[in-house]
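Report on one structure; see the data block that follows.
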Amino acid sequence: MSDEQEAEVAEDEESESQDGLQEGDFISLNYTARTVEDGDLVDTTSADVAEEEGVEAEDREFGPRTIVLGAGHIFEDVEEDIYGKEAGDDGTVTVEQAFGEYDNEQVRTVSADKISEDDRYPGARVNVDGQQGHVETIIGGRARVDFNHPLAGEDLEYEYEVLEEVEDADEKAKGLFSMYIDADLDMWIQTDEVEEEVEDEEGETETETVEKETLYIEATPQLSMNQQWMFQKQQIAQDVIDRLDLDRVIVQETIEGGGMGGMMGGMGGMGMGDADIEEALEDADIDEDEIVEELEAEGEEGEAEDVEE
């Protein structure tokens, strides 16, 4: 076989190996992970599985996850099994010691004073000097705390199904944000025309109209109070910008009209007309005659005090 023929064969083999899903692809994924030894549920996207296992679902929405292959959103062994597959394919993967080996040196004795009184019992999840762990025993003023990950040394079995390859840019953005923030956010991508000052070759500035690919996110209390967003918004936004080839992210707050109307006026009218006051009194179930009587009584008392003086 000539060098040219060998090169063609190698090229064909490389082309074949690149068929199917690859690193950087966005996919919608369903999965359930359990410990191999005991079959304990570790994580799932299925509401039915969660219900069967008695998992509290108040603060969590179950459903397919949008992830980026190669971005570390799932275990590497699972990603490797997905590469080359197509939408509709499924699989089962065993991830050995998914959260690392169990380290006996990570079990240490600490002063019980470092643990809140409410958490001084075996099994309590605690934070000691910035490290997360769980209490094994409490004896006198000393506590034995295991700082290993709760699943350290455990092998996990992952069952997954690739539902589809995600192509829509808005869905990609929502999927990326969901990896960081568990909140249902309205967001969309659009091309904006923006005026910018640019410097020419001679060092003079002039205004030009440029196009910017912008991700808009509707702000919500959930987002504003999310600690991860509060402390890592720059890193999160930059990751989205890089992966979706955007220029910027804009978080905007919308305040709808139709509330309590304009700002309240002076103390006299309180910004309300007579009809508004009557309506408000009715809504509050207040007897206006009683209020008038009380005010007149207070006025009479004031006049009496003035006479005495």
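Everything numeric here is computed off the predicted structure, so don't read it as measured data.
The residue from D192, T191, D247 that alone fulfils the side-chain hydrogen bond (donor to acceptor under 3.5 Å, both in side chains) condition with T214 is D192.
Considering all non-hydrogen atoms of both residues, A87 and E164 come closest at CB-CA, 3.7 Å. In plain terms, the two heavy atoms of T209 and E193 that are nearest each other are CG2-CB, 3.9 Å. In this structure, A219 and V251 approach most closely via the heavy-atom pair CB-CG1, 3.8 Å. Here the closest non-hydrogen pair linking E171 and V166 is CB-CG1, 3.8 Å. The two residues T44 and S46 make their nearest non-hydrogen contact at OG1-N, 3.1 Å. Closest approach of V126 to V135, counting heavy atoms only: CG1-CG2, 3.8 Å.
Heavy-atom neighbours of Q252 CD from other residues, nucleotides or ligands within 6.0 Å: above the threshold of 12. Residue E253 qualifies as open at atom CD: its count of foreign heavy atoms under 6.0 Å is 12 or below. Annotation for E51: atom CD does not count as buried by contact number, only 12 or fewer foreign heavy atoms lying within 6.0 Å. Other residues, nucleotides and ligands place no more than 12 heavy atoms under 6.0 Å from the CE atom of M225.
A 4.5 Å side-chain heavy-atom check between R142 and S111 finds at least one atom pair inside the cut-off. Between L215 and F177 there is a side-chain heavy-atom pair separated by less than 4.5 Å. Within the 4.5 Å cutoff, no side-chain heavy atoms of L21 are placed close to those of D89. No side-chain heavy atom of I217 sits under 4.5 Å from any side-chain heavy atom of D186. Looking at D155 and V95, their side chains never come closer than 4.5 Å, going by heavy atoms from C-beta outward.
Taking the salt bridge (charged side-chain N to carboxylate O under 4.0 Å, His left out) definition, one finds that E165 meets it with nothing, sequence neighbours left out. With sequence neighbours left out, D239 forms a salt bridge (charged side-chain N to carboxylate O under 4.0 Å, His left out) with R243. Scanning for salt bridge (charged side-chain N to carboxylate O under 4.0 Å, His left out) contacts around R108 gives an empty result, with sequence neighbours left out. Applying the side-chain hydrogen bond (donor to acceptor under 3.5 Å, both in side chains) criterion to D43, with sequence neighbours excluded, gives Y31, R60. Scanning for side-chain hydrogen bond (donor to acceptor under 3.5 Å, both in side chains) contacts around Q228 gives Q232, with sequence neighbours left out. Residues passing the side-chain hydrogen bond (donor to acceptor under 3.5 Å, both in side chains) test with D129, sequence neighbours excluded: K114. Contacts of T45 classified as side-chain hydrogen bond (donor to acceptor under 3.5 Å, both in side chains), with partners at least two apart in sequence or in another chain: N30.
Here I67 contributes atom CD1 and F26 contributes atom CZ; the two are 10.5 Å apart, rounded to the nearest 0.5 Å. Annotation: the span from R125 atom CZ to Q132 atom CD amounts to 6.0 Å, rounded to 0.5 Å. Atoms OG and NZ, on S224 and K233 in that order, are 7.5 Å from each other to the nearest 0.5 Å. Atom CG of N148 and atom CD of Q131 lie 10.0 Å apart (nearest 0.5 Å). Atom-to-atom distance recorded for R248:CZ and E213:CD is 10.0 Å, nearest 0.5 angstrom. Atom CZ in R65 sits 11.0 Å away from atom OG in S28 (nearest 0.5 Å).
Between the D170 side chain and the I189 main chain, a donor and an acceptor come within less than 3.5 Å of each other. Under the 3.5 Å distance criterion, the side-chain polar atoms of R34 are left unmatched by any main-chain donor or acceptor of V42.
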For this session: Please step through side-chain contact (heavy atoms from CB on, under 4.5 Å) for the pair Y158 and T32, ending with a clear verdict.
Result: CA-CA 6 Å; Y158 255 81; T32 294; over 6 Å; no
Exercise. When you look at Q97 and E154, which way does the side-chain contact (heavy atoms from CB on, under 4.5 Å) test go after all the steps?
Worked result: CA-CA 5 Å; Q97 297 188 347; E154 292 271 11; over 6 Å; no
For this session: Let me see the working for E218 and M187 under side-chain contact (heavy atoms from CB on, under 4.5 Å), right down to the final yes or no.
Result: CA-CA 6 Å; E218 195 70 34; M187 60 182 70; over 6 Å; no
For this session: Report the C-alpha distance between T94 and L156 in whole Å, list the side-chain angles of each, state the deciding distance to 0.1 Å, and finish with yes or no for side-chain contact (heavy atoms from CB on, under 4.5 Å).
Result: CA-CA 6 Å; T94 298; L156 302 184; over 6 Å; no
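In this model, a donor atom of one side chain and an acceptor atom of the other lie less than 3.5 Å apart for T109 and R144. A donor-acceptor pair shorter than 3.5 Å can be found between the side chains of D242 and Q238.
Taking Ile, Leu, Val, Met, Phe, Trp and Tyr as members and joining any whose side-chain heavy atoms lie under 4.5 Å apart, directly or through other members, the hydrophobic cluster of Y102 also contains V107. The hydrophobic side chain of I139 is isolated, with no ILVMFWY side chain under 4.5 Å apart from it. Under a 4.5 Å side-chain heavy-atom cut-off, the cluster of Ile, Leu, Val, Met, Phe, Trp and Tyr residues that includes I250 is completed by W188, Y216.
Identified under the ring pair (Phe, Tyr, Trp, His ring centres under 6.0 Å) test for residues 128-155, with sequence neighbours left out: F99-H149. Contacts classified as side-chain hydrogen bond (donor to acceptor under 3.5 Å, both in side chains) and involving residues 72-85 (residues at least two apart or in different chains) are given here: D81-K85, D81-Y160, K85-Y160.
E196 has a carboxylate O that lies under 4.0 Å from a charged side-chain N of K212, or vice versa, which qualifies the two as a salt bridge.
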